[in-house]
Amino acid sequence: MSTAPFSRSEIEAGRKLFASPWDFFWGAGTAASLPPARGVEIAFAGRSNVGKSSLVNALTNRKSLARTSRTPGRTQQINFFKGTDDLVLADLPGYGFAAAARDKVDQWTGMVHDYLTGRPNLARVYVLIDSRHGLKPQDREVLGYLDRAGVSYAIVLTKIDTIKVEFGEPRIRETEAAIKKRPAAFPMVFPVSSFDTTGIAELRAGIARLLSERR
């Protein structure tokens, strides 16, 4: 299965970036309660139960840094994590399902909108897509919103270990074609598995490259 082209030195830079201790340091339930902007920030977005928390844990080599749940919509705030470098990770509430009242969902939507359009140190949003299903209409809506807002994003295909090898490459090519002409899309697609760590080294390398560019 193809992965993004990174050199050995970039793979090593990615490993070192995430080898330091990582900790949860802030949870924001409203736009007003967001932490002060510091360093370079990247965010993880996606449908509920797509594996955002599992991916954060896999990247940071921590089993329970980000809380995972079998119940979609349990993450009801933006959770922030930091290591010893100046990189900050933001885990956004999932979209598409929420175990809460409509007014609460609207509150989260407004908070995420304010975060995405007003965060000065936000370098990129990694939009997670379940590789078993590909881009769904609601995913495309989110990508369209990011395009219109001019927010840089990249696609991460999660749970790549759960589909047969012969279906993996077509899914990657299909996704690459879908974002090819989108103005805010990063051209690389990252196929990953938080279970067997497929593609995790490449995603770390991509984040390390982004951090180096932003510095």
Side-chain angles (χ1 to χ4, degrees), residues 1-6 42-59 66 68-75 78 89-99 105 108-109 111-113 115-117 122-200 202-207 210:
M1 185 170 296
S2 65
T3 55
F6 293 99
I42 62 172
F44 298 96
R47 291 176 63 86
S48 298
N49 229 23
V50 75
K52 290 186 284 82
S53 296
S54 295
L55 181 60
V56 170
N57 290 336
L59 285 170
T68 60
S69 173
R70 293 182 181 274
T71 304
R74 286 293 297 274
T75 301
I78 302 178
L89 312 181
D91 183 10
L92 304 182
Y95 56 83
F97 182 97
V105 175
W108 301 339
T109 302
M111 171 184 64
V112 172
H113 167 81
Y115 168 78
L116 291 174
T117 57
L122 179 62
R124 182 164 295 153
V125 178
Y126 289 86
V127 181
L128 278 58
I129 304 297
D130 191 324
S131 62
R132 298 171 299 179
H133 310 303
L135 286 165
K136 294 294 186 182
Q138 194 165 27
D139 298 316
R140 295 178 188 275
E141 287 181 16
V142 170
L143 301 188
Y145 168 78
L146 294 172
D147 285 330
R148 292 189 297 274
V151 178
S152 173
Y153 63 89
I155 301 296
V156 178
L157 288 173
T158 63
K159 306 180 184 182
I160 200 70
D161 62 297
T162 63
I163 63 176
K164 294 181 179 180
V165 174
E166 61 265 32
F167 298 132
E169 289 291 348
R171 180 67 76 201
I172 295 169
R173 292 196 296 270
E174 168 191 290
T175 307
E176 289 173 338
I179 65 170
K180 188 173 183 180
K181 294 183 179 180
R182 288 187 171 273
F186 186 67
M188 290 184 189
V189 171
F190 296 87
V192 304
S193 166
S194 299
F195 177 72
D196 66 10
T197 71
T198 296
I200 295 297
E202 287 76 17
L203 181 54
R204 287 173 179 157
I207 294 170
L210 173 65

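Being a predicted model, the structure only gives us computed values, none of them experimental.
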**Q** Quick check: does any side chain N or O of Thr198 sit under 3.5 Å from a backbone N or O of Val192, one acting as donor and the other as acceptor?
**A** no
**Q** If you take all heavy atoms of Ala178 and Arg140, which pair is closest and at what distance?
**A** CB-NH1, 4.2 Å
**Q** Tell me the salt bridge (charged side-chain N to carboxylate O under 4.0 Å, His left out) pairs involving residues 125-139, sequence neighbours left out?
**A** Asp130-Arg132, Asp130-Lys159
**Q** Quick check against the 3.5 Å criterion: does Arg182 have a side-chain atom that pairs as donor or acceptor with the backbone of Asp147?
**A** no
**Q** Ala90 and Tyr115: which non-hydrogen atoms are nearest, and at how many Å?
**A** CB-OH, 3.4 Å
**Q** What heavy-atom pair brings Ser152 and Ala123 nearest, and what distance separates the two atoms?
**A** CB-O, 3.8 Å
**Q** Would you please name every residue forming a salt bridge (Lys or Arg N to Asp or Glu O under 4.0 Å) with Glu174, sequence neighbours left out?
**A** Arg171
**Q** Arg124: which residues meet the salt bridge (Lys or Arg N to Asp or Glu O under 4.0 Å) condition with it, sequence neighbours left out?
**A** none
**Q** Quick check: closest heavy atoms across Leu92 and Ala45, and the distance to 0.1 Å?
**A** CD1-CB, 3.9 Å
**Q** Once the angle between the rings of Phe190 and Tyr126 is folded into 0 to 90°, is it parallel (under 30°), tilted (30 to 60°) or perpendicular (over 60°)?
**A** perpendicular
**Q** Can you tell me if Ser193 uses its side chain to pair, donor with acceptor, with the backbone of Ile160 under 3.5 Å?
**A** no
**Q** Using only heavy-atom distances, determine whether the side chains of Asn57 and Ser54 contain a donor-acceptor pair under 3.5 Å.
**A** no
